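What you are looking at is a predicted structure, and each value in this text was computed from that prediction instead of being measured. Chain A is the first sequence line, chain B the second, and so forth, proteins listed ahead of strands; every chain is numbered from 1.
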Protein chains: 2
Amino acid sequence: MKTMKISEAVVRRLPVYLRFLNELSKKNVQTVSSQDLGQKLDLNPAQIRKDLAYFGEFGKKGIGYDVDYLIEKIRQILKLDKIIPVALVGAGNLGRALCNYNAYLKDNMKIVAVFDSHESKIGDTINNLKVKSTNEMKATIQELKVRIGIITVPAAEAQQVANQFVEAGVEAILNFAPMIIKVPSEMRVHHADFTTELQSLAYYLD
Amino acid sequence: MKTMKISEAVVRRLPVYLRFLNELSKKNVQTVSSQDLGQKLDLNPAQIRKDLAYFGEFGKKGIGYDVDYLIEKIRQILKLDKIIPVALVGAGNLGRALCNYNAYLKDNMKIVAVFDSHESKIGDTINNLKVKSTNEMKATIQELKVRIGIITVPAAEAQQVANQFVEAGVEAILNFAPMIIKVPSEMRVHHADFTTELQSLAYYLD
DNA sequence: TAGATTGTTAATCGATTAACAATC
DNA sequence: TAGATTGTTAATCGATTAACAATC
């Protein structure tokens with residue numbers, strides 16, 4: 001059912017499947033069952049089958065899933081079969097760290113531009129990318145057809161950067177600043193907040 | 001009901017409440033309603049009231065919640081009313097970035113030790129902390145009573161580091177490596193995986 | 001008192017899991 | 001054929017939201 005609304009929980013599991021399938025493929029494993037996957041990923045096999053079944057019939061009864069075929073399908077679902085240009089604002093430590101992840105992002109996601117508003121950072125080179133002034137954001141983002149923006153500036157500046165991303169026509173934002181940002185409702189924002197993560201972990205201490 | 005099991009979703013929202021309440025407190029706001037909170041945090045007010053009600057009666061009917069009192073209560077719930085020593089393994093770019101967040105982690109969480117297994121990194125100073133050899137993990141972690149471990153090593157080394165954390169007696173792990181790690185079931189692991197986050201965001205592009 | 005807002009119950013909604021016919 | 005495993009329906013479980021009496 002292509003028109004069915006897919007829950008966020010399902011979408012969040014797809015990249016996890018993809019990563020593990022890539023490992024299997026590297027080891028030349030041909031086939032994998034939902035049983036196997038569930039065991040390795042700590043998930044219920046029925047859930048995995050159901051997740052995949054939202055998008056098509058990718059498996060073979062009695063056999064399981066062909067690893068390379070499933071990789072291809074999940075990459076299509078996640079739109080990783082086309083190149084997705086990404087821009088990052090905030091060339092501090094975290095921003096630099098993420099730029100250096102570019103190698104990991106082989107699956108067609110690529111950070112193609114880095115911006116900062118501070119004179120001291122502008123002109124620096126990070127991973128072959130020159131840090132540009134935030135004044136150039138709109139022009140550069142449109143020129144490079146950037147579709148996803150990453151925010152790694154301090155909390156106080158996050159909303160302003162988000163506004164600039166919106167104005168430049170970015171379609172989705174990944175926000176690392178510890179701050180809720182407001183964007184038009186049709187845009188997607190994911191929060192990746194280290195401090196929140198760590199604090200919720202503290203709850204589970206005895 | 002102190003003995004009721006609290007869902008993970010609830011626990012994850014508490015730090016978000018805390019952060020916003022801290023902002024209100026800084027602005028000398030005395031009182032806040034679930035209505036206000038819901039609007040600012042994009043959550044249903046009933047959900048906020050229910051979340052808080054799991055832990056006690058913190059509000060006043062007709063008035064709302066006293067900001068500073070609620071901050072105090074949430075900090076207690078999250079165990080942030082005592083100092084929680086944290087250790088980090090992997091002094092690469094990401095590890096360095098997180099160490100520099102120490103300032104943000106005012107709420108009693110503190111990175112007190114940094115380790116790396118590579119000669120080239122050992123002895124470096126990050127944010128006043130000397131990077132130690134992973135050989136010293138167990139001794140140092142026990143000496144400093146570290147309770148939470150952060151993993152910022154490459155995926156291939158993540159499981160090994162997790163094992164060392166377990167052996168040293170750490171109680172919970174925050175794993176930034178793009179890799180599922182296995183630990184004894186009584187231990188808590190949270191994943192903070194940048195690549196997964198970014199890939200699931202791609203799904204929502206048109 | 002009138003208005004506001006909590007804490008909580010009941011209703012709704014959605015996600016996970018179990019079970020099994022279909023079939024490789 | 002016998003064994004394995006999918007895709008899918010039905011059952012279960014859990015989380016969110018609405019509604020409202022209690023009360024500040």
Side-chain angles (χ1 to χ4, degrees), chain A residues 1-17 20-21 24 29-74 77 200 203-204, chain B residues 1-17 20-21 24 29-74 77 200 203-204:
Chain A
M1 306 284 142
K2 275 286 171 191
T3 52
M4 188 177 220
K5 233 162 283 142
I6 305 294
S7 88
E8 197 172 317
V10 173
V11 175
R12 289 184 163 281
R13 283 191 291 268
L14 294 178
V16 178
Y17 301 156
F20 185 67
L21 289 165
L24 290 181
V29 176
Q30 307 265 318
T31 284
V32 69
S33 68
S34 58
Q35 187 79 219
D36 296 342
L37 283 170
Q39 193 144 50
K40 296 295 187 173
L41 301 177
D42 275 331
L43 295 170
N44 184 300
Q47 182 171 64
I48 294 173
R49 293 200 299 279
K50 199 158 202 288
D51 284 353
L52 297 174
Y54 284 120
F55 303 98
E57 304 196 1
F58 303 143
K60 282 201 178 51
K61 290 174 185 168
I63 308 288
Y65 299 90
D66 182 277
V67 171
D68 289 327
Y69 180 69
L70 191 53
I71 286 173
E72 191 190 321
K73 285 300 173 186
I74 295 179
I77 295 163
S200 68
Y203 174 81
Y204 297 98
Chain B
M1 303 284 144
K2 276 286 171 192
T3 51
M4 187 177 223
K5 234 163 282 142
I6 305 295
S7 89
E8 196 171 320
V10 174
V11 174
R12 288 184 165 282
R13 283 191 293 268
L14 294 177
V16 178
Y17 301 156
F20 185 67
L21 290 164
L24 290 181
V29 177
Q30 306 266 317
T31 284
V32 69
S33 69
S34 59
Q35 189 79 221
D36 297 340
L37 283 170
Q39 193 143 48
K40 296 295 188 174
L41 302 177
D42 275 330
L43 295 170
N44 183 301
Q47 183 172 63
I48 295 173
R49 293 200 298 279
K50 201 162 200 289
D51 284 354
L52 297 173
Y54 284 120
F55 303 98
E57 305 196 0
F58 303 143
K60 282 200 178 52
K61 289 173 184 166
I63 309 288
Y65 299 91
D66 180 277
V67 171
D68 288 326
Y69 180 69
L70 191 53
I71 287 174
E72 190 191 320
K73 285 301 173 184
I74 295 180
I77 295 163
S200 68
Y203 174 81
Y204 296 99

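- Considering only side-chain atoms of Y65(A), the nucleotide from dA18(D), dT5(D), dG7(D) that sits closest is dG7(D).
- Side chain of K50(B), nearest nucleotide from dT8(C), dA15(D), dA10(D): dT8(C).
- In this structure, the nucleotide among dG7(D), dT17(C), dA10(C) sitting nearest to the side chain of A46(A) is dT17(C).
- Here L21(B) contributes atom CG and L37(B) contributes atom CG; the two are 6.0 Å apart, rounded to the nearest 0.5 Å.
- Residue-level contact check: Q47(B) touches the bases, meaning some heavy atom is under 4.0 Å from a base atom.
- Rounded to whole angstrom, the span from the OH atom of Y69(B) across to the P atom of dT6(C) amounts to 15 Å.
- Judged by closest nucleotide on DNA chain C, R49(A) is the one of G62(A) and R49(A) placed further toward the 5' end.
- A 4.5 Å side-chain heavy-atom check between V11(A) and Y204(B) finds at least one atom pair inside the cut-off.
- Comparing dG7(D), dT16(C), dT6(C) by their closest approach to the side chain of A9(A) singles out dT16(C).
- Across all strands shown, dT12(C) is found opposite dA15(D) as a Watson-Crick or G-U wobble partner, with both distances under 3.5 Å.
- When Watson-Crick and G-U wobble pairs are counted only if both distances are under 3.5 Å, dC20(C) pairs with dG7(D).
- Of the two residues contacting DNA chain C, namely V10(A) and G59(B), the nearest-nucleotide position lying further toward the 5' end is that of G59(B).
- Closest to the side chain of K60(A), from the set dT9(C), dC24(C), dT6(C), is dC24(C).
- Annotation: the span from Y203(A) atom OH to E8(B) atom CD amounts to 11.0 Å, rounded to 0.5 Å.
- Atom CZ of F20(B) is separated from atom CG of D36(B) by 8.0 Å, given to the nearest 0.5 angstrom.
- Whole-Å rounding puts the D51(A) CG to dG14(C) P distance at 17 Å.
- Set against dG7(C), dC24(C), dA18(D), the side chain of I63(A) has dC24(C) as its closest nucleotide.
- Separating the CG atom of L41(B) from the P atom of dT16(D) is a distance of 14 Å, rounded to the nearest angstrom.
- Considering only side-chain N and O atoms, S34(B) lies nowhere under 4.0 angstrom from the phosphate OP1 or OP2 of dT5(C).
- Between the NZ atom of K60(A) and the OH atom of Y69(A) there is a distance of 8.0 Å, given to the nearest 0.5 Å.
- Considering only side-chain atoms of K61(B), the nucleotide from dG7(C), dT8(D), dT17(D) that sits closest is dG7(C).
- In this model, the phosphate group of dG14(D) is not approached by any side-chain N or O of S7(B) to a distance below 4.0 Å at OP1 or OP2.
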